[in-house]
Every structure is written in structure tokens, then in C-alpha cells.
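The first residue in the sequence is number 1, and the count goes up from there.
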Amino acid sequence: MNNKERERDEEVEIDLKELFFILLHHLWIIVLAGIVLAAGMFVYTRSFVTPLYSSTASVYVLNRQSSDQLTYSDLNSSMQLTKDYQQMFVSRTVLEQVIENLHLQNTDGSVMSPSTLANKISISSPSDTRIINLTVTDASPAWARDIVDELCRVGSTHITQVMKIEGINVNEAGNLPTFPSSPNLKKNVLLGAVAGVVLSAAVIIVLSLMNDTICTFL
């Protein structure tokens with residue numbers, strides 16, 4: 001290592017030490033900023049963010065058409081068609097029927113559109129199974145449960161008729177959620193605290209560097 005490189009490393013080390021002591025000297029400001037933003041996120045989340053509740057139901061697909069015995073071919077065929085079934089559960093025909101049966105409305109009293117209802121629905125299927133999980137998220141826990149149960153009923157009937165399969169049975173009915181699925185209050189508060197600490201530290205460092213630059217220029 002030549003002299004220039006050694007001097008440059010020493011300058012970097014000195015600068016880092018100076019920044020460390022600057023941050024340490026203003027630690028109370030950093031901590032206060034973290035507390036303030038954490039408190040702000042707490043108030044915002046509790047007061048202005050509508051809590052949402054999720055209810056999940058599951059159905060079991062039986063695709064046996066020509067034999068009383070369940071074969072490996074039946075099982076494999078059903079698993080391959082699972083994605084088709086998932087799409088049909090959120091088809092316009094199914095969603096419109098669910099809306100009509102439950103008289104679903106928007107907050108302004110207008111009839112809910114299929115696209116609005118579709119945004120409340122998420123569908124998944126465990127690998128190598130014929131089970132389809134349907135989840136509905138709504139501001140009302142009771143409505144979340146009622147919608148997912150009706151979705152299972154209407155969707156199962158529609159798919160059975162269209163696909164000509166033996167049937168789709170409800171494995172688990174929708175649950176009545178007791179705790180909101182979102183927002184995550186603890187996560188938001190933690191993010192607020194971290195943001196307060198990082199932003200205040202960045203501002204302190206920038207102001208310190210600007211002050212050193214001005215002093216050097218003068």
C-alpha cells in the first residue's frame with residue numbers, strides 16, 4: 001500500500017468516526033423522530049385505515065365421470081383442471097349470480113359490479129391436491145363469510161354444469177373472522193419508527209457535511 005492509499009484510508013476512517021460521534025451527539029433527535037413517526041403511523045392506522053376481514057372456505061373437486069372406482073387418472077385429471085376451476089369461480093356469470101343472490105351493494109348504495117367483487121376474492125390451491133381455497137376480504141366480517149359461502153355454492157354448481165364433472169363438495173365453510181387481516185398495526189408502527197430513525201439520521205449527516213463544506217470554503 002503506497003502513501004496516498006494509506007492517507008486516503010485514514011481520511012475515510014476519520015470521516016466515519018466523525019459521523020458516528022455526530023449521530024451519537026444527536027441521538028436524542030433520532031430517537032424522538034422514531035417515536036414521533038411511530039406514533040403518527042399508529043394514529044393514522046387506527047383512525048384512517050379501514051380494517052378488513054378475511055374469511056376462507058375450501059372445496060373438494062371430484063372428477064369421476066365413467067366409473068364407480070376412483071382411479072389415478074381421475075386424480076391426475078382433476079389436479080390438472082384445478083386452474084380452470086379457479087378461473088371459473090371468478091367468472092362474470094358466477095360473480096353476477098352471487099351479487100344478485102346477496103343483493104351486494106357499494107358504499108354509495110349502487111349495485112356492486114363483478115369487477116369490484118372479484119377484487120375482494122383470492123383463490124389458491126395446495127400443490128398436488130384437488131382442494132381449492134377461496135378467500136373473501138371485506139370491511140364486514142359477516143359479509144366476508146356470507147360472500148365466500150355463496151361463492152362456493154354458486155361456483156360449484158356452475159362448474160359442475162359446465163365441466164360435466166361429478167361434483168364439487170364444500171370441504172370447509174367460511175369462518176367468521178374475529179381479527180382483521182389488515183392493516184397490520186404492529187408492522188406499520190415499526191415501519192414508522194424505522195423511517196423516523198433513518199430519515200432523521202440522513203438529515204443530520206447531510207446538514208453536517210454541508211456545514212463542513214461551507215466552513216472549508218470560507
Taking all non-hydrogen atoms of both residues into account, name the closest pair between I99 and P114 and its distance. CD1-N, 3.7 Å
Close side-chain approach of V94 and M88, heavy atoms under 4.5 Å: no
Same cluster or not: L95 versus W143, using hydrophobic residues (I, L, V, M, F, W, Y) connected whenever any side-chain heavy atoms lie under 4.5 Å apart? yes
Who passes side chain to side chain contact (heavy atoms under 4.5 Å, CB included) against T157, sequence neighbours left out? Q161
Euclidean distance, Y85 OH relative to I159 CD1, rounded to 0.5 Å: 8.0 Å
Expected output: side-chain S208 to main-chain I205 donor-acceptor under 3.5 Å: no
From I121, V90, L102, residue fulfilling side-chain contact (heavy atoms from CB on, under 4.5 Å) relative to L151: I121
Determine the minimum heavy-atom distance between S55 and V148, stating which atoms define it. OG-CG1, 3.7 Å
Report, one line per pair, each donor and acceptor closer than 3.5 Å where one atom sits in a side chain of residues 27-42; sequence neighbours left out.
none

Who pairs with T137 by side chain to side chain contact (heavy atoms under 4.5 Å, CB included), at least two apart in sequence or on another chain? L52, S54, T135, S181
Are L23 and V198 connected in the hydrophobic side-chain network, where two residues link if heavy atoms are under 4.5 Å apart? no
For the residue pair H158 and Q97, establish whether any side-chain heavy-atom pair is separated by less than 4.5 Å. no
Nearest heavy-atom approach of N133 to P126 is ND2-CD, 3.7 Å
Taking S47 for its side chain and Y44 for its backbone only, find out whether a donor-acceptor pair lies under 3.5 Å. no
Could you give the distance from CG (L24) to NE2 (H26), rounded to the nearest 0.5 Å? 10.5 Å
How far apart are the closest heavy atoms of P141 and P177, and which atoms are they? CB-O, 3.4 Å
With sequence neighbours left out, write down each residue that passes side chain to side chain contact (heavy atoms under 4.5 Å, CB included) with S156, or none if nothing qualifies. V59, F89, I168
Donor-acceptor pair, S125 side chain versus I131 backbone, under 3.5 Å? yes
Taking atom OG1 of T107 and atom CD of Q105, what is their separation to the nearest 0.5 Å? 10.0 Å
Is there any salt bridge (charged side-chain N to carboxylate O under 4.0 Å, His left out) pair reaching into residues 144-155, and which pairs are they, with sequence neighbours excluded? E150-R153
Heavy atoms, side chains only, cut-off 4.5 Å: are V61 and I132 in contact? yes
If the condition is side chain to side chain contact (heavy atoms under 4.5 Å, CB included), which residues does N106 pass it with, not counting sequence neighbours? D108, S110, M112, T116
Which atom of T50 lies closest to which atom of A139, heavy atoms considered: CG2-CB, 4.0 Å
Apply side chain to side chain donor-acceptor pair (under 3.5 Å) to residues S91 and T93 and explain how you reach the verdict. CA-CA 5 Å; S91 64; T93 301; 4.9 Å; no
Distance from I123 atom CD1 to Q87 atom CD, nearest 0.5 Å? 7.5 Å
I need the N119 CG to S113 OG distance, nearest 0.5 Å. 8.0 Å
Just verifying a value: how many Å separate N169 CG and C152 SG, rounded to the nearest 0.5 Å? 11.5 Å
